[in-house]
Novice: 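Once you've had a glance at the structure underneath, I'll fire off some questions.
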Amino acid sequence: MPSLRWVSWILIAHLFVLTFVRSDSSSYSNKPEEIPKKFLQFAKEPELFDWMVGIRRKIHENPELGYEEFETSKVIRTELDKLGISYKYPVASTGVIGFVGSGQPPFVAIRADMDALPLQELVEWEHKSKVPGKMHACGHDAHVAMVLGAAKILQKHSEELKGTVVLVFQPAEEGGGGAMKIIEAGVLDNVNAIFGLHIVHNIPHGEVAARSGPMLAGSGFFEAVISGKGGHAAIPQHSIDPILAASNVIVSLQHLVSREADPLDSQVVTVAKFQGGGAFNVIPDSVTIGGTFRAFLKDSMIQLKQRIKEVITGQAIVHRCNATVDFLENDKPIFPPTVNDKELHEHFQNVAGDMLGIDKVKEMQPVMGSEDFSFYQEMIPGYFFFLGMENETSGHLDSVHSPYFRINEDALPYGAALHASLATRYLIELQSKVTSPEQKQHDEL
């Protein structure tokens with residue numbers, strides 16, 4: 001009897017150990033709410049954090065403009081090779097598309113833009129841009145580092161992914177429409193959803209902000225040459241003054257918003273370029289003006305484009321001038337509005353809430369800035385959000401597109417973990433939606 005009792009205790013202990021091991025090593029799909037915090041904890045570990053910081057600084061030192069991101073792309077491919085992650089290259093000139101998981105459907109994508117801006121960096125620090133006149137003044141270096149960080153997290157848990165995460169390293173977001181080129185390449189044809197983020201200077205570190213529906217405006221650019229007849233400023237009756245014509249054009253363009261747009265439909269028309277003449281006493285032959293127009297509705301963008309052309313050419317005729325209008329769509333395609341998917345908004349709130357606490361997930365107002373992430377959203381459900389990086393230790397942070405723009409690198413783990421969590425939980429939930437009807441039918445049978 002005593003020996004049997006010992007055997008029973010041994011069996012009980014063995015079963016307890018097996019149960020503990022199985023529970024500890026079970027798939028995250030059993031407790032999806034735990035994924036975000038575990039991923040964030042992993043992203044904050046010194047090995048992963050320092051690795052992301054090193055990548056970000058390397059890219060920051062060597063900024064490249066749109067469709068010129070050859071060295072940036074090389075850095076990305078080198079790191080993906082080290083991680084054992086397969087990828088396609090080149091896509092859209094310099095883009096890289098990586099794949100983590102089963103390699104089979106369903107597919108969910110996370111996106112990072114790669115390009116820098118034509119700005120001279122005025123921040124003096126150890127890793128300042130080494131390329132005169134070019135700078136990562138919009139945080140795309142950090143975006144790349146965060147998606148690579150997410151890739152490392154996902155690769156570590158690749159056997160638990162219920163599908164495939166597509167890593168989109170995109171060129172030319174800054175006006176070049178790189179997202180449109182990625183779409184045209186066909187590499188996202190089977191993707192069910194896509195997520196993207198942007199770091200921001202005026203949201204506290206550890207917080208995020210987004211909204212369902214229209215979030216960022218659509219945007220376009222225009223340039224017009226107004227031609228008259230030059231001459232001496234003292235005898236204007238012998239000239240046809242294009243400066244006067246251009247001045248009236250600018251005033252008339254402001255009426256498109258103040259008198260033609262619905263006050264509840266936010267729109268902007270800004271003339272930011274005016275070039276003409278080089279002497280105090282000479283009326284020039286021509287004047288060049290240029291600017292941007294923005295709106296939250298696609299129909300409003302179409303209407304603004306039409307009316308901008310009509311106003312410029314019409315006002316030029318009134319002042320006996322000729323005008324040509326170019327919307328620069330070959331180099332700077334018109335961006336549609338960024339509109340977040342309603343179901344993905346709920347998904348984002350759940351995942352970010354589990355990671356940060358729901359009080360750190362803010363509902364933001366729409367912003368007139370624009371993003372070519374909107375091209376993805378026209379094709380597939382997409383979600384874009386802002387990641388805060390402001391805290392006391394970082395000091396004052398300037399806004400994007402400033403030569404004084406700086407990154408609080410403590411934000412990197414949050415972006416990496418959010419990317420990885422949003423993708424992982426999306427695949428888990430998508431699988432449950434697909435399998436649940438079959439399971440119900442099986443139970444009924």
Side-chain angles (χ1 to χ4, degrees), residues 27-29 31-44 48 52 98-101 106-113 142-158 160-170 188 191-200 206-212 215 338-358 360-364 371 373 376-377 380-388 411-433:
S27 170
Y28 279 135
S29 62
K31 295 182 179 180
E33 69 276 4
E34 296 180 359
I35 293 173
K37 286 187 177 179
K38 288 185 177 181
F39 281 2
L40 180 59
Q41 182 180 3
F42 181 41
K44 286 183 174 181
L48 180 50
M52 286 191 290
F99 304 93
V100 185
F107 296 94
V108 61
I110 54 177
R111 171 268 205 165
D113 34 17
H143 297 170
V144 170
M146 288 187 283
V147 170
L148 281 173
K152 197 164 190 174
I153 297 170
L154 293 166
Q155 183 70 342
K156 182 177 176 64
H157 302 90
S158 60
E160 298 166 5
L161 291 175
K162 307 302 181 181
T164 305
V165 180
V166 182
L167 313 171
V168 180
F169 297 96
Q170 175 209 306
L188 301 183
V191 170
N192 297 84
I194 185 168
F195 296 94
L197 67 77
H198 205 298
I199 54 171
V200 66
E207 292 188 8
V208 291
R211 65 179 288 109
S212 178
M215 176 174 168
T338 302
V339 182
N340 278 338
D341 182 82
K342 182 179 180 180
E343 290 187 9
L344 293 183
H345 177 63
E346 183 178 349
H347 174 73
F348 170 76
Q349 287 185 310
N350 291 336
V351 173
D354 287 340
M355 179 185 293
L356 308 172
I358 195 62
K360 304 293 185 183
V361 183
K362 305 297 185 181
E363 187 86 5
M364 62 174 285
E371 243 285 350
F373 187 84
Y376 300 124
Q377 294 173 313
I380 53 179
Y383 197 84
F384 194 79
F385 64 96
F386 286 111
L387 175 67
L412 297 180
Y414 289 84
L418 278 166
H419 271 312
S421 301
L422 287 165
T424 301
R425 285 264 293 263
Y426 180 84
L427 292 176
I428 292 172
E429 292 169 15
L430 188 63
Q431 185 191 54
S432 66
K433 289 179 181 178

Novice: Among side-chain atoms of Asn350 and Glu33, is any donor-acceptor pair under 3.5 angstrom?
Specialist: no

Novice: Is a donor from one side chain sitting under 3.5 angstrom from an acceptor on the other, for Asn340 and His345?
Specialist: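 No donor-acceptor contact under 3.5 Å links the two side chains.
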
Novice: Just to verify, what does Asp341 make a side chain to side chain donor-acceptor pair (under 3.5 Å) with, not counting sequence neighbours?
Specialist: none

Novice: Return the NE2 to OG1 distance between His198 and Thr338, rounded to the nearest 0.5 Å.
Specialist: 11.0 Å

Novice: Do Ser421 side-chain atoms and Leu418 backbone N/O form a donor-acceptor pair below 3.5 Å?
Specialist: no

Novice: Are a donor atom and an acceptor atom from the side chains of Glu429 and His347 found within less than 3.5 Å of each other?
Specialist: yes

Novice: Can you tell if the side chain of Asn192 reaches within under 4.5 Å of the side chain of Ile380, non-hydrogen atoms only?
Specialist: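 A side-chain contact is absent here, since even the closest heavy-atom pair is not under 4.5 Å.
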
Novice: Rounded to the nearest 0.5 Å, how far apart are CZ of Phe386 and CG of Leu197?
Specialist: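 If we round to the nearest 0.5 Å, Phe386:CZ and Leu197:CG are 10.0 Å apart.
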
Novice: State, to 0.1 Å, how close Ala352 and Val208 come at their nearest heavy-atom pair, and which atoms those are.
Specialist: CB-CG2, 4.1 Å

Novice: Please lay out, stage by stage, how Val165 and Tyr426 fare under the test side chain to side chain contact (heavy atoms under 4.5 Å, CB included).
Specialist: CA-CA 10 Å; Val165 180; Tyr426 180 84; over 6 Å; no

Novice: Decide yes or no for Met146 and Ile199: does some side-chain heavy atom of the first lie under 4.5 Å from some side-chain heavy atom of the second?
Specialist: yes

Novice: When you compare the side chain of Ile110 with that of Val168, does any pair of heavy atoms fall below 4.5 Å?
Specialist: no

Novice: Do Val108 and Phe195 come close enough that some side-chain heavy atom pair is under 4.5 Å?
Specialist: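 Side-chain contact under 4.5 Å: yes.
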
Novice: Under the criterion side chain to side chain contact (heavy atoms under 4.5 Å, CB included), I'd like the reasoning laid out for Glu363 against Gln349: C-alpha separation, chi angles, the key distance, then a yes or no.
Specialist: CA-CA 10 Å; Glu363 187 86 5; Gln349 287 185 310; 4.0 Å; yes

Novice: Can you name the closest pair of heavy atoms from Lys362 and Glu207 and give their distance?
Specialist: CE-OE1, 3.3 Å

Novice: Distance check, rounded to the nearest 0.5 Å: Phe39 atom CZ versus His419 atom NE2?
Specialist: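 Reported to 0.5 Å precision, the distance equals 13.5 Å.
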
Novice: Within the 4.5 Å heavy-atom criterion, are Glu371 and Asp113 side-chain neighbours or not?
Specialist: yes

Novice: Mind telling me whether Phe348 and Phe385 have parallel, tilted or perpendicular rings, with 30° and 60° as the class edges?
Specialist: tilted

Novice: Could you tell me if the side chain of Leu48 sits less than 4.5 Å from the side chain of Met52, heavy atoms only?
Specialist: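 Yes, close enough: below the 4.5 Å cut-off.
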
Novice: Provide the closest heavy-atom pair for Ala112 versus Val147 in the form atom of the first, atom of the second, distance.
Specialist: CB-CG2, 3.5 Å

Novice: In Å, rounded to the nearest 0.5 Å, how long is the span from CZ of Phe99 to OG1 of Thr164?
Specialist: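 Rounded to the nearest 0.5 Å, the CZ-OG1 separation comes out at 8.5 Å.
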
Novice: Measuring from Leu422:CG to Leu344:CG, what's the distance to the nearest 0.5 Å?
Specialist: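 Here the interatomic distance stands at 9.0 Å.
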
Novice: Is Gln377 reaching over with its side chain to a backbone N or O of Val339, donor-acceptor style, under 3.5 angstrom?
Specialist: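 Yes, the answer is positive, given that a donor and an acceptor are paired below the 3.5 Å cut-off.
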
Novice: What pair of heavy atoms forms the shortest contact from Phe373 to Tyr383, and how long is it?
Specialist: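 In terms of heavy atoms, the two residues are closest at CZ-O, 3.5 Å.
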
Novice: Determine, step by step, whether Leu430 and Lys162 satisfy the side chain to side chain contact (heavy atoms under 4.5 Å, CB included) criterion, reporting the C-alpha distance in whole Å, the side-chain angles of both residues, the deciding distance to 0.1 Å, and the verdict.
Specialist: CA-CA 9 Å; Leu430 188 63; Lys162 307 302 181 181; over 6 Å; no

Novice: Taking only residues two or more places apart in sequence or in another chain, which ones pass side chain to side chain donor-acceptor pair (under 3.5 Å) with Tyr376?
Specialist: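 Side chain to side chain donor-acceptor pair (under 3.5 Å) check on Tyr376 returns Gln170.
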
Novice: What is the minimum heavy-atom distance between Tyr414 and Met355, and which atoms define it?
Specialist: O-SD, 4.5 Å

Novice: Show the nearest heavy-atom pair for residues Leu167 and Ala151, with the distance to one decimal.
Specialist: CD1-CB, 3.6 Å

